[in-house]
Amino acid sequence: MIALLSLVAAQGATLNLSPMPSGLFDKIHGYMPFALKLSDTKPESVKKTPDAASPRYGAIQIHGQVFAVMFDGKDKVYVDTNADGDLTDDPPADWSMKTVKGRGGESTYRQGTAQIDLTIAGKPCRCSVGMYETPDGIGYYQDFALSGKAEIGGKTYNVVYADPKADWDGKSGILMLDDKGNGQFGPQWFHQVGQPFLLEGKTYEFGLSHGKLSVVPSNKKVVAPVEKDPNEGNGLRAGRPALAFDAKTMDGTAVSFPKSYKGKVVMLDFWATWCGPCMREVPNVVKNYKEFHDQGFEVLGVSLDREKSEARIQEVSAQAGIVWPLVYDGKYFKAAIARQYGIQAIPEAYLVDGDTGKIIAAGDDIRGEKLGPAIKKALAAKKR
């Protein structure tokens, strides 16, 4: 078991944080998952298993510990909660077919939760791990964190601290503040170790200070996040100009959006390899790209993957048939273009006229079965 580092605020006040065994997904309305790779070979660490007709094995790796997982076909899963190598003495994992509403309509796939035994902040925790089925395998994510309150700049905030890299060594992690006092912890409030952020007009930095995680004043330059009007969204809808930007794609090609797409209809697509709904939408985008590309349809992808994900993005792209250019800077929801567009959830996309620079359609209007007709209509309008 690994105990978490102690945490202190800028003036030395200890952050009043304690283990939150589950509920991180509900607080932040998202997840930071990992791939659970399956094999027919039973790991040496697994000493005892339930009877299974077609077992496949994998591992959940969190906090330097390995928790074996065994799938029996598609409908049963066992998790070594106490990491003792015995898959018969653990509480049953929840794993069933569920229907989820999201962008592009409803999706039905297997998902559930399992429990693992950890020590967080010096206290034992039976922590919840979410699991879900993807087109190319199984994903899992931490549904636990530390939560409590922090005094910063003379004000008290509800905070959540999580480490998406699952190291919990103080060198990575995300601090989330409910700076509006409304119980919301959206992606625009994710403050990474070493990155500056604005709070009440002042700049702070979250990271290690004297061996402890702290929130301290910072002199680093920071760009204010886009504020969304709850009734207006980010104001980007059909008929309005798309926000222009210059960027380089992953192969080093310079692109000016939307100027580089004169004579074309282009979809600006925000996604990530860790995003289950994004990956379930990818085959639909690939299908429509193949059908309409020769008629003038283009896609520019913006990846919200975390740092050092180049190899993962390339691997997933090759497997999924993603051949269009991708922009990626490794900054997750703080990616430059994502911040410019005020992206708070993915998948998100905008269909844009490359000549006028105006948005043709956006959001749910170009997901699922609606995407093809929207592209067809836009291309026909350009011909007229």
Side-chain angles (χ1 to χ4, degrees), residues 1-5 18-27 30-98 109-147 161-169 172-173 273-274 276 279 306 312:
M1 303 295 182
I2 297 177
L4 187 67
L5 293 170
S18 58
M20 185 179 73
S22 63
L24 180 62
F25 177 88
D26 291 334
K27 278 189 177 293
Y31 47 79
M32 311 161 197
F34 302 86
L36 197 159
K37 297 182 179 180
L38 298 179
S39 169
D40 295 329
T41 304
K42 183 172 72 173
E44 293 183 1
S45 62
V46 176
K47 307 301 181 184
K48 190 176 181 180
T49 64
D51 293 333
S54 54
R56 301 196 74 195
Y57 301 91
I60 292 172
Q61 301 183 49
I62 294 178
H63 290 218
Q65 290 185 255
V66 178
F67 301 86
V69 179
M70 185 185 84
F71 283 82
D72 182 6
K74 291 186 176 181
D75 299 322
K76 291 183 180 180
V77 60
Y78 303 88
V79 177
D80 190 5
T81 296
N82 53 12
D84 66 350
D86 185 349
L87 283 163
T88 67
D89 64 352
D90 306 288
D94 170 33
W95 184 251
S96 59
M97 293 292 291
K98 297 180 181 179
Y109 56 96
R110 292 173 182 82
Q111 59 174 303
T113 57
Q115 309 301 315
I116 58 174
D117 290 337
L118 297 168
T119 296
I120 305 179
K123 299 177 182 179
C125 172
R126 178 150 284 184
C127 298
S128 179
V129 175
M131 299 185 296
Y132 61 95
E133 190 176 42
T134 71
D136 61 348
I138 304 294
Y140 69 91
Y141 59 90
Q142 300 178 52
D143 195 37
F144 60 92
L146 289 176
S147 67
Y161 171 70
D163 188 348
K165 291 187 175 179
D167 294 327
W168 293 77
D169 58 2
S172 64
T273 63
W274 52 259
M279 294 309 302
R306 293 181 290 272
R312 171 67 178 165

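The figures that follow rest on heavy atoms only: side chains count, while hydrogens, waters and symmetry mates do not.
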Just verifying a value: how many Å separate [X] [atom1] and [Y] [atom2], rounded to the nearest 0.5 Å?
X: Asp89; Y: Lys48; atom1: CG; atom2: NZ; answer: 8.0 Å
X: Gln111; Y: Ser96; atom1: CD; atom2: OG; answer: 7.5 Å
X: Ser39; Y: Arg56; atom1: OG; atom2: CZ; answer: 7.0 Å
X: Tyr109; Y: Met97; atom1: OH; atom2: CE; answer: 10.5 Å
X: Leu36; Y: Gln61; atom1: CG; atom2: CD; answer: 9.0 Å
X: Gln115; Y: Cys127; atom1: CD; atom2: SG; answer: 8.5 Å

Grab the two heavy atoms, one from [X] and one from [Y], that are nearest each other, plus how far apart they are.
X: Pro55; Y: Asp40; answer: O-OD1, 4.3 Å
X: Gln65; Y: Leu118; answer: OE1-CD2, 3.6 Å
X: Val79; Y: Ala93; answer: CG2-CB, 4.3 Å
X: Ala145; Y: Leu24; answer: CB-CD1, 4.1 Å
X: Thr273; Y: Met279; answer: O-CG, 3.7 Å
X: Ala59; Y: Val66; answer: CB-CG1, 3.6 Å

Looking at side-chain heavy atoms only, is the closest gap between [X] and [Y] below 4.5 Å?
X: Ser54; Y: Asp72; answer: yes
X: Arg312; Y: Trp274; answer: no
X: Val46; Y: Asp80; answer: no
X: Thr119; Y: Cys125; answer: no
X: Pro91; Y: Arg126; answer: yes
X: Pro124; Y: Asp117; answer: no
X: Ile62; Y: Phe144; answer: yes

Asp84/Lys47 salt bridge by N-O under 4.0 Å criterion: no
Look at the side chain of [X] and the backbone N and O of [Y], then say whether any donor-acceptor pair between them is shorter than 3.5 Å.
X: Asp90; Y: Thr81; value: yes
X: Asp143; Y: Val129; value: no
X: Asp94; Y: Gly112; value: no

Geometric class of the Tyr141/Phe25 ring pair [parallel <30°, tilted 30-60°, perpendicular >60°]: tilted
Whether Phe71 and Trp95 hold their rings parallel, tilted or perpendicular, with breakpoints at 30° and 60°: perpendicular
Enclosure of Lys42 NZ (heavy-atom neighbours >12, cutoff 6.0 Å): yes
Stepwise side-chain contact (heavy atoms from CB on, under 4.5 Å) test for Val69 and Tyr140: CA-CA 11 Å; Val69 179; Tyr140 69 91; over 6 Å; no
